Protein chains: 2
Amino acid sequence: MNGLPRVVTIAWCLTDASARGPARRLSHAAITAAAIEVADDQGLGAVTMARVAQRLGFTTMALYRYVSTKAELLLLMADAAVALPDLKVERGEGASGLRRWADAVRDAHRAHPWLAEVPRASTSAMMPNSARMTDLALRALDGLPLTAPEKLATVLALSGLAAFYADVERSMAAEPTEAIDPDALAPFVGALAASCPDVAALTASGEFVNTTGADDSWVEQQYAFSVAALLAGLPSAAE
Amino acid sequence: MNGLPRVVTIAWCLTDASARGPARRLSHAAITAAAIEVADDQGLGAVTMARVAQRLGFTTMALYRYVSTKAELLLLMADAAVALPDLKVERGEGASGLRRWADAVRDAHRAHPWLAEVPRASTSAMMPNSARMTDLALRALDGLPLTAPEKLATVLALSGLAAFYADVERSMAAEPTEAIDPDALAPFVGALAASCPDVAALTASGEFVNTTGADDSWVEQQYAFSVAALLAGLPSAAE
DNA sequence: ACCTGAACACCGTTCAAGT
DNA sequence: ACCTGAACACCGTTCAAGT
């Protein structure tokens, strides 16, 4: 037996404000917001206790009054980044609501491309915004012929797909993916032909390795296709 | 226009062995293997240029003769970790083959729980073992009424789901998830009730927050359910 | 009780030097 | 050409000290 993770009580504001001593000049919200600014601007790798503190005009060590570890700060950032979008879901709406819900999750990841880089922690699900997002999805699933674990699996899988494709998009944007010179590609195609006939065929037709430069739409289509498949398959998976 | 990423040519052994100078006393394979040992033993966070070199009996800087950056080493590790399992897939086998394929991907992630932590790079798809895995899945999909992008989406989504659930499993194992004291849970349930009625209901029935200690089987069931739904929904998503 | 300054034990990566 | 030693500019986190 043990208590709630400390960061959960922080995020839900379940901790009593300490009464004694000098007034606090920082706050979890301010620290989290500053860290998100850094991550949005320069990537998660640039999120440093020193850099966050500097942006707030404080010393690095001042942060440790509010956060006991950098991992805790990352959890706060991740939860703040999935703050509820403008999304209304009808109770029992089903597939159409879930599709819009997945799009909202994806939008959050697009707005904060570093989200997928934050190490997953089992605590995440108990954080307020994550819980609210889950709640919306469960609302859409209400009344459907699925067990509770099946509903949770649906929610997890959908958010997993949304996060996954958003991260694919991020990784493509990160490496500018200039078109690869066909001459440079030749030895690679040769190696492929030997052990990967099906991939080699796709590569030859230009559908595997991107030889034409940036190409945004296909990730969108693949995401839409995957979500559509998952949603369409729910009834038969439940049998 | 530019050439193949350097790490791709390394992984496919497309670089000419340098002839002149002292014989090389290290190799990419040895370095990658040592790094994987470190990651398996102590987690990806413990993978340090210094620690890898030490395990091999070399100086840290010796590694930079073989790898131009730590990110490159991580790519080599990730690809080596998905080395082909003992998996036969019939051409055009369809759903049953894809399910076993997804299980194989998941097994790789279970054997190397740090896999999901390796930052995704667009280069990954061109690495040899990744390509071979993709090839197997395409083999199972051959002849099905799906376009090439739809087939790739299926492969991506399946591997995404396998990786996702393996990472969920890892994160649960990382935080020992002792049962949470009901008394400590009470204020959390109270907060939930206000903004998350559906999640609160699940929590009350013990299906959301784990209040009973370790619980492996539900991740397995949720993974199986998600994959089943995705596979079952393929035909209707393709229409 | 907050916040600071100095310090510790690390990182990845560079560069000139040895062989 | 390989490999080493020393150095650089960082990290997260600690601890004692100020207010």
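Everything quoted here is computed from the prediction, not taken from an experiment. Below, chain A is the first sequence line, B the second, and so on; all start at residue 1.
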S.K.: Where the side chain of Arg65(B) is concerned, which of dG12(D), dT4(C), dC3(D) is the nearest nucleotide?
M.R.: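 Of dG12(D), dT4(C), dC3(D), dC3(D) is nearest to the side chain of Arg65(B).
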
S.K.: Please tell me which of the listed nucleotides, dG12(D), dC3(C), dT4(D), lies nearest to the side chain of Tyr64(A)?
M.R.: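 Selected nucleotide: dG12(D).
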
S.K.: Verify the contact: side-chain N or O of Thr59(B) to OP1 or OP2 of dC3(D), cut-off strictly under 4.0 Å; return yes or no.
M.R.: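 No, no such contact exists.
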
S.K.: In whole angstrom, what separates Ile31(A)'s CD1 from dG12(D)'s P?
M.R.: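 Going from Ile31(A) (CD1) to dG12(D) (P), I get 14 Å.
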
S.K.: Given dT13(C), is OP1 or OP2 found less than 4.0 Å from the side-chain N or O atoms of Thr69(B)?
M.R.: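 For dT13(C), OP1 or OP2 has a side-chain N or O of Thr69(B) closer than 4.0 Å.
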
S.K.: Among dT4(D), dT13(D), dT4(C), which nucleotide has an atom closest to any side-chain atom of Ala62(A)?
M.R.: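 Nearest to the side-chain atoms of Ala62(A), counting from C-beta on, is dT4(C).
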
S.K.: The side chain of Arg51(B) lies closest to which of these nucleotides: dC11(C), dC3(D), dC2(C)?
M.R.: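 The answer is dC11(C).
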
S.K.: Counting the atoms with a prime plus P, OP1 and OP2 as sugar-phosphate, which does Val47(A) contact under 4.0 Å by heavy atoms, base, sugar-phosphate, or nothing?
M.R.: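 Val47(A): backbone/sugar contact only, no base atoms under 4.0 Å.
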
S.K.: Nearest to the side chain of Pro22(A), which nucleotide is it out of dC11(C), dA1(C), dT4(D)?
M.R.: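 Closest nucleotide to the Pro22(A) side chain: dA1(C).
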
S.K.: Between dC10(C) atom P and Lys70(A) atom NZ, what is the distance in whole Å?
M.R.: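 To the nearest whole Å, that distance equals 18 Å.
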
S.K.: Please state how far atom CZ in Phe58(A) lies from atom C1' in dC2(C), giving the value in whole angstrom units.
M.R.: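 In whole Å, dC2(C) C1' lies 10 Å from Phe58(A) CZ.
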
S.K.: In the strands shown, is dA7(C) matched to any nucleotide by a Watson-Crick or G-U wobble pair with both distances under 3.5 Å, and which?
M.R.: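 When the pairing criteria are applied, dT13(D) turns out to be the nucleotide that pairs with dA7(C).
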
S.K.: What is the separation between atom CZ on Arg25(B) and atom C1' on dA1(D), rounded to the nearest whole Å?
M.R.: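 Result: 12 Å.
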
S.K.: Do Met127(B) and Trp12(B) make a side-chain contact, defined as non-hydrogen atoms from C-beta onward lying under 4.5 Å apart?
M.R.: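 No; the side chains remain at least 4.5 Å from each other.
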
S.K.: Looking at Glu220(A), I'd like to know if its CD atom is crowded, meaning that more than 12 non-hydrogen atoms belonging to other residues, nucleotides or ligands lie closer than 6.0 Å.
M.R.: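 Yes - once you tally the heavy atoms of other residues, nucleotides and ligands closer than 6.0 Å, there are more than 12.
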
S.K.: Report the distance from atom CZ of Arg24(B) to atom C1' of dC3(D), rounded to the nearest whole Å.
M.R.: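 Between C1' of dC3(D) and CZ of Arg24(B): 12 Å.
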
S.K.: Using purine N1 to pyrimidine N3 plus N6-O4 or O6-N4 for Watson-Crick, or N1-O2 and O6-N3 for G-U wobble, each under 3.5 Å, what pairs with dC2(D)?
M.R.: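 Checking every strand shown, dC2(D) finds its partner in dG18(C), with both distances under 3.5 Å.
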
S.K.: Separation of Met49(B) atom CE from dC8(D) atom C1', in whole Å?
M.R.: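 Going from CE in Met49(B) over to C1' in dC8(D) covers 17 Å.
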
S.K.: The test is side chain to side chain donor-acceptor pair (under 3.5 Å); show your working for His112(A) and Asp40(A) and say whether it passes.
M.R.: CA-CA 6 Å; His112(A) 307 288; Asp40(A) 286 346; 2.9 Å; yes

S.K.: Where the side chain of Met61(A) is concerned, which of dC3(C), dC11(C), dA6(C) is the nearest nucleotide?
M.R.: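 It is dA6(C).
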
S.K.: In whole Å, what is the span from the CG atom of Leu63(B) to the C1' atom of dC3(D)?
M.R.: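 Checked: the CG to C1' distance equals 11 Å.
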
S.K.: Between atom CG in Leu56(A) and atom P in dC2(C), what is the gap in whole Å?
M.R.: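 About 16 Å, once rounded to whole Å.
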
S.K.: Show, in sequence, the C-alpha distance, side-chain angles and deciding distance for Tyr165(B) and Ser226(B), and conclude whether the side chain to side chain donor-acceptor pair (under 3.5 Å) test is met.
M.R.: CA-CA 10 Å; Tyr165(B) 280 102; Ser226(B) 305; 2.8 Å; yes

S.K.: Salt bridge or not for Glu169(B) and Arg106(B), using N-O below 4.0 Å?
M.R.: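 Looking at Glu169(B) and Arg106(B), the cut-off is met.
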
